[in-house]
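One structure is given below, encoded as structure tokens.
First listed ligand is number 1; within each ligand, the first listed atom is number 1. Nothing fancy with the numbering, it's 1 onward along the sequence.
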Amino acid sequence: MEIKTDFLIIGSGIAGLSFALKVAPFGSVAIVTKKNKLESSTNYAQGGIAAVMSSEDSFEEHIKDTLIAGDGLCHEEVVKMVVEEGPARIEELINWGVPFTHKRKGNKKEFDLGKEGGHSKRRIIHAKDFTGQEVERILVDKVEKDPRIKIFEHHIAIDLITQSKFAEEKATDKKDACWGAYVFDIEKGVVHTFLAQITLLASGGVGKVYLYTSNPDIATGDGIAMAYRAGARIANVEFIQFHPTCLYHPEAKNFLISEALRGEGGILKLMSGTPFMEKYHPLKDLAPRDIVARSIDLELKKSGEEYVLLDISHKDSGFIKKRFPNIYKKCLEFGYDITKVPLPVVPAAHYVCGGVVTDRQGETDISRLYACGETACTGLHGANRLASNSLLEALVYAHRAARKAIEEIKGARTEFSRIPSWNPGGAVDSDESVVVSHNWDEIRRLMWNYVGIVVSNKLLDRAQRRIALLQEEIKEYYWDFIVTRDLIELRNIAVVAELIIRCAQQRKESRGLHYNIDFPYKDDEHEKKDTIITQGELTNP
Ligand code: FAD
Ligand code: SIN
């Protein structure tokens, strides 16, 4: 089936939904999302959103903290812009009904601002410890009430449709243009052609490339892989943020224990009960995440233990239950009462600081293709994201991208050439799904073991050789068999794994989240720059 729309949005997290609400008055909107509409990293965000919301805080301090965390690679003008535009976007969420937590100060009510690693001030606005769930709920509710927006659940975008692939006449301004995407309807097993004046990649992060991750299953880097295949620049994907504290439990699927818990006095300890972060950083347990994750990694390698402990049991139990109801309840289900005992925790892949390169309006290298949220590389995070700056970035960029896209759609409209339907080639039903699940597992394991918190040249080279072989195998399999969600995602995690490895190999220093034991120092003279990768070739059928 061919579906024509003004705006095609790939993803229903904070970036996709907030963009949809803003563009809807100017045209028809289709949101495709590969599971149910709520399923996104956004829905699991705990800590909150960083923004200057108090007279005791200032833009200058938020900017400074972001730049320090970013370790020399943030684009300063972007940091300034995002920080300064943040409060207006938060006001919008408040007006839309997000119930941020308040506290009493004397007889006045004010926002209860949380503290997280790397922040010099309390500036995390939150809804208890399930901020993302509340934001997602409100945004989905608003989108569902808007008749101009249609959500296609269980629809997974496979590849972008670009002008250079199909038009008889090539783009005149030398820039390729995006005309939409091929999208697989998972429940019906058919591929639809979505043609759009404007396409937004809002498909989130890449956590599932790693064996252990805080991310939900949707985070397979599809947007980054699609943009790369279409020829857009990808930058800085070697900067993978490992969250220091995910619950260590066979059934917990790496449930996140928010940094806000350390912000309220939680202490990391060895199995002996000895706190250890003071050895590594003056900010101790609230040091930037890369430092905390690496310190835990080092302690685990030294001791041979499986996990370290996170202890908040010394705080008042009433306060803990009120401030962290979600974490308290979830840990109790796994047998840990956090008001009484410390929790076993380990680091896990959490956030990709790089992605599809965009300008300050969220525009990519490909005309009429925008990217926002975790999929994008805007220049805000540099070599390490400051905690709770990602929801903020998604809001600011969705707003800016919407403004630009509206302007664009009011101008010239694309006349599409005839686009062929998806060609399954000689594909047949696969009776070898074991190959797909084996390759999934192999990629995730090799990324965890070889391209993890600390890397070396030898490990990266080994990983690169393995991935090249797997890529060959997946390519063959992909064209021989009928597409499934697992196969589409496998193809994408393989591309993203390769991009991470190639970016990591290019960076001959250690900076921010990237730590290579063969280049243990920062090299400002030669390496203070983004790592950019382009392919420029299309793999659409
Ligand atoms: P997402 O919210 O991940 O949404 C992506 C959407 O794209 C999903 O709907 C998905 O189904 C869809 N999708 C993906 N691929 C396709 C495809 N091929 N076709 C169709 N649909 C597709 N950040 C903060 O700032 N503060 C926090 O407190 C915080 N806590 C976090 C806690 C956890 C457990 C996690 C995992 C992350 C946290 N983060 C936090 C990071 C933050 O939540 C994410 O970076 C942010 O939500 C990303 O939003 P997004 O809209 O870009 O993507
Ligand atoms: C957390 O709550 O610790 C996650 C915050 C973030 O990833 O920004």
- prompt: What is the closest protein heavy atom to atom 40 (C) of ligand 1, and at what distance does it sit?
  reply: Ser390 OG, 3.8 Å
Donor-acceptor contact below 3.5 Å, side chain Asn384 vs main chain Gly512: no
- request: Tell me which protein heavy atom sits closest to atom 43 (O) of ligand 1, plus the residue, atom name and distance to 0.1 Å.
  value: Ser41 O, 3.6 Å
Protein contact to atom 45 (O) of ligand 1 [nearest heavy atom, distance to 0.1 Å]: Glu374 OE1, 2.7 Å
query: So, is the end of the Lys330 side chain (NZ or CZ) under 6.0 Å from the ring centre of Phe334 and within 45° of the ring's axis?
result: no
query: When you measure from atom 31 (C) of ligand 1 to every protein heavy atom, which one gives the shortest distance, and what is it?
result: Ala45 CA, 3.4 Å
query: Between His350 and His243, how do the two ring planes meet: parallel, tilted or perpendicular, split at 30° and 60°?
result: perpendicular
field: Nearest non-hydrogen protein atom, atom 53 (O) of ligand 1
entry: Gly204 CA, 3.3 Å
- prompt: Is there side-chain contact between Glu85 and Leu395, with at least one heavy-atom pair below 4.5 Å?
  reply: no
task: Anything with a heavy atom under 4.0 Å from ligand 2 counts, so go ahead and list those protein residues by chain and number.
output: Gln46, Gly47, Glu116, His243, Leu256, Ser258, Glu259, Arg289, His350, Arg385, Ala387, Ser388
field: Whether His62 and His119 hold their rings parallel, tilted or perpendicular, with breakpoints at 30° and 60°
entry: tilted
- prompt: Say you draw a straight line from CD1 of Ile158 to CZ of Arg229; how long is it, rounded to the nearest 0.5 Å?
  reply: 9.5 Å
- request: Please work out which of the three classes, parallel, tilted or perpendicular, describes the rings of Tyr307 and Tyr248, given edges at 30° and 60°.
  value: tilted
query: Nearest to atom 15 (N) of ligand 1, what protein heavy atom do you find, and at what distance?
result: Asp222 OD2, 3.3 Å
task: For atom 47 (O) of ligand 1, find the nearest protein heavy atom and state the residue, atom name and distance (0.1 Å precision).
output: Thr42 OG1, 2.9 Å
query: Is Asp57 salt-bridged to Arg122, cutoff N-O under 4.0 Å?
result: no
- line: Checking heavy-atom distances from atom 12 (C) of ligand 1 to each of Ala50, Gly11, Ala348, Ala260, the winner is Gly11
query: Mind checking whether Ser18 and His399 have side chains closer than 4.5 Å, heavy atoms only?
result: no
